[in-house]
Amino acid sequence: MKTFNYHVAKDSKEASKLSSSNSAFLAGGMTSIPSLKLGLATYKDIIDIKHIKKLSGIKVSNKTVTIGATTKHAEVASSKEVQKAIPSLAKLAGGIGDAQVRNRGTVGGSIANNDPSACYPSACMALNAIIHTNERKIEASKFFKGMFETALKKGELIESVEFQIPEKSNYQKHPNPASRYAIVGVYLAKHKKEVNVAITGAKASVYVDKDISKALSNNFSISAINNMKINSSEMNSDIHASGEYRGSLVLTYTKKAIEAC
Ligand SMILES: Cc1cc2nc3c(=O)[nH]c(=O)nc-3n(C[C@H](O)[C@H](O)[C@H](O)COP(=O)(O)OP(=O)(O)OC[C@H]3O[C@@H](n4cnc5c(N)ncnc54)[C@H](O)[C@@H]3O)c2cc1C
């Protein structure tokens, strides 16, 4: 591991100011530390944001659930308020990795990293989330740009994520048996006016399947998608699953999610 400067930021302003062309924020360190150790990344400056109080916590209103960026997956999973307002979000958090990962990994780190197999990006897309940063508000549909790529600018810090409370929702994941990352994950959310079906694990980045979402917006039942064909030509193919298999998982897990709603 290469040496780096370690900084502890007291607030968002300081964290952003300390960032440089070759720096990373340290939330739970679940991606950044292994990346450093394995030599996949080198940073000149590591800026610890864990002690910024404003970045942690959960707030629930009539319409939204807002989760601070450094809130850990275990806190979301065990929150009675989240379990009541958006049970599928608590379930998603409780199914991430293992106990160690859930007790260190954070919402902000997960979405800033935008791993193609991460669970939270699909919740953001399906639940019309707004990403609040130290500079602006970004709609989830404009946030996830591509594999490990987001709309964040250098030094821009996620402060919280605001999820819209749906009428019904469910998250179904076909997990990698070792890491629990999604080989395919389907987050289905039925809002008053539309249904969003967001898919993770299948392509280079999370996406909303427009055809499935439209069909379910018109008729919220399995019969609406029974004869649907999934185009798997752009889907990931690796040692875990072929693109074709991932395509079939998208449909199978969407049906499971409808059943579970
Ligand atoms: C073994 C293992 C299994 C896992 N399984 C799953 C799984 O099943 N599902 C799943 O969704 N995820 C999974 N993860 C990912 C995990 O949930 C973490 O959320 C993810 O690794 C990011 O870690 P972190 O939150 O500690 O962020 P860090 O590692 O501290 O940071 C990661 C990156 O995000 C940036 N960052 C962090 N916080 C912010 C912020 N507030 N604003 C801007 N940028 C920020 C940092 O600069 C860095 O580049 C797994 C990870 C491991 C190691």
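Just follow the structure's listing: the first ligand is 1, and inside any ligand the first atom is 1. We count residues from 1, following the sequence as given. Treat the numbers as computed from the prediction; the structure is a model and nothing was measured.
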Who clusters with Phe220? Use side-chain heavy atoms, under 4.5 angstrom, across I, L, V, M, F, W and Y, and order the result by chain and number.
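Once heavy-atom contacts under 4.5 Å are chained together, Phe220 belongs with Ile183, Val184, Val186, Leu188, Val195, Val197, Ile199, Tyr207, Ile212, Leu216, Ile222, Ile225, Met228, Ile230, Met235, Tyr245, Leu249, Val250, Leu251, Tyr253, Ile258.
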
Taking the ring of Phe4 and the ring of Tyr43, is the distance between their centroids below 6.0 Å?
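Between Phe4 and Tyr43, which both carry aromatic rings, the centre distance is not below 6.0 Å.
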
Using a strict threshold of under 4.0 Å (side-chain N to carboxylate O), is an ion pair present between Glu139 and Lys142?
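Result for this pair is yes, salt bridge flagged.
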
I'd like to know if Asp11 pairs up with Lys13 as an ion pair, taking the criterion as any Lys NZ or Arg NE/NH1/NH2 lying under 4.0 Å from an Asp or Glu carboxylate oxygen.
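Looking at Asp11 and Lys13, the cut-off is not met.
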
Among residues two or more places apart or on two chains, list those pairs meeting salt bridge (Lys or Arg N to Asp or Glu O under 4.0 Å) that have a residue in residues 191-217.
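Pairs touching residues 191-217 that pass the test: none.
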
Is there any protein N/O under 3.5 Å from an N/O of ligand 1, and what does the full list of such pairs look like?
| from | atom 1 | to | atom 2 | distance (Å) |
| --- | --- | --- | --- | --- |
| ligand 1 | 5 (N) | Gly97 | N | 3.4 |
| ligand 1 | 5 (N) | Ser179 | O | 3.2 |
| ligand 1 | 8 (O) | Gly97 | N | 3.0 |
| ligand 1 | 8 (O) | Lys173 | NZ | 3.2 |
| ligand 1 | 8 (O) | Arg180 | O | 2.6 |
| ligand 1 | 8 (O) | Tyr181 | N | 3.2 |
| ligand 1 | 11 (O) | Cys119 | N | 2.6 |
| ligand 1 | 14 (N) | Tyr181 | OH | 3.2 |
| ligand 1 | 17 (O) | His73 | NE2 | 2.8 |
| ligand 1 | 19 (O) | His73 | NE2 | 3.1 |
| ligand 1 | 21 (O) | Thr31 | OG1 | 2.5 |
| ligand 1 | 25 (O) | Thr106 | N | 2.8 |
| ligand 1 | 25 (O) | Thr106 | O | 3.4 |
| ligand 1 | 25 (O) | Thr106 | OG1 | 2.7 |
| ligand 1 | 26 (O) | Gly28 | N | 2.9 |
| ligand 1 | 26 (O) | Gly29 | N | 2.9 |
| ligand 1 | 26 (O) | Met30 | N | 2.9 |
| ligand 1 | 29 (O) | Met30 | N | 3.2 |
| ligand 1 | 29 (O) | Thr31 | N | 2.9 |
| ligand 1 | 29 (O) | Ser32 | N | 2.9 |
| ligand 1 | 29 (O) | Ser32 | OG | 3.1 |
| ligand 1 | 30 (O) | Ala27 | N | 2.8 |
| ligand 1 | 30 (O) | Gly28 | N | 3.3 |
| ligand 1 | 30 (O) | Gly29 | N | 2.8 |
| ligand 1 | 30 (O) | Ser32 | OG | 3.4 |
| ligand 1 | 41 (N) | Ile158 | O | 3.1 |
| ligand 1 | 42 (N) | Ile158 | N | 2.8 |
| ligand 1 | 47 (O) | Phe25 | N | 2.9 |
| ligand 1 | 47 (O) | Phe25 | O | 3.4 |

Test salt bridge (charged side-chain N to carboxylate O under 4.0 Å, His left out) applied to Lys190 - qualifying residues, sequence neighbours left out:
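By the salt bridge (charged side-chain N to carboxylate O under 4.0 Å, His left out) rule, Lys190 matches Glu167.
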
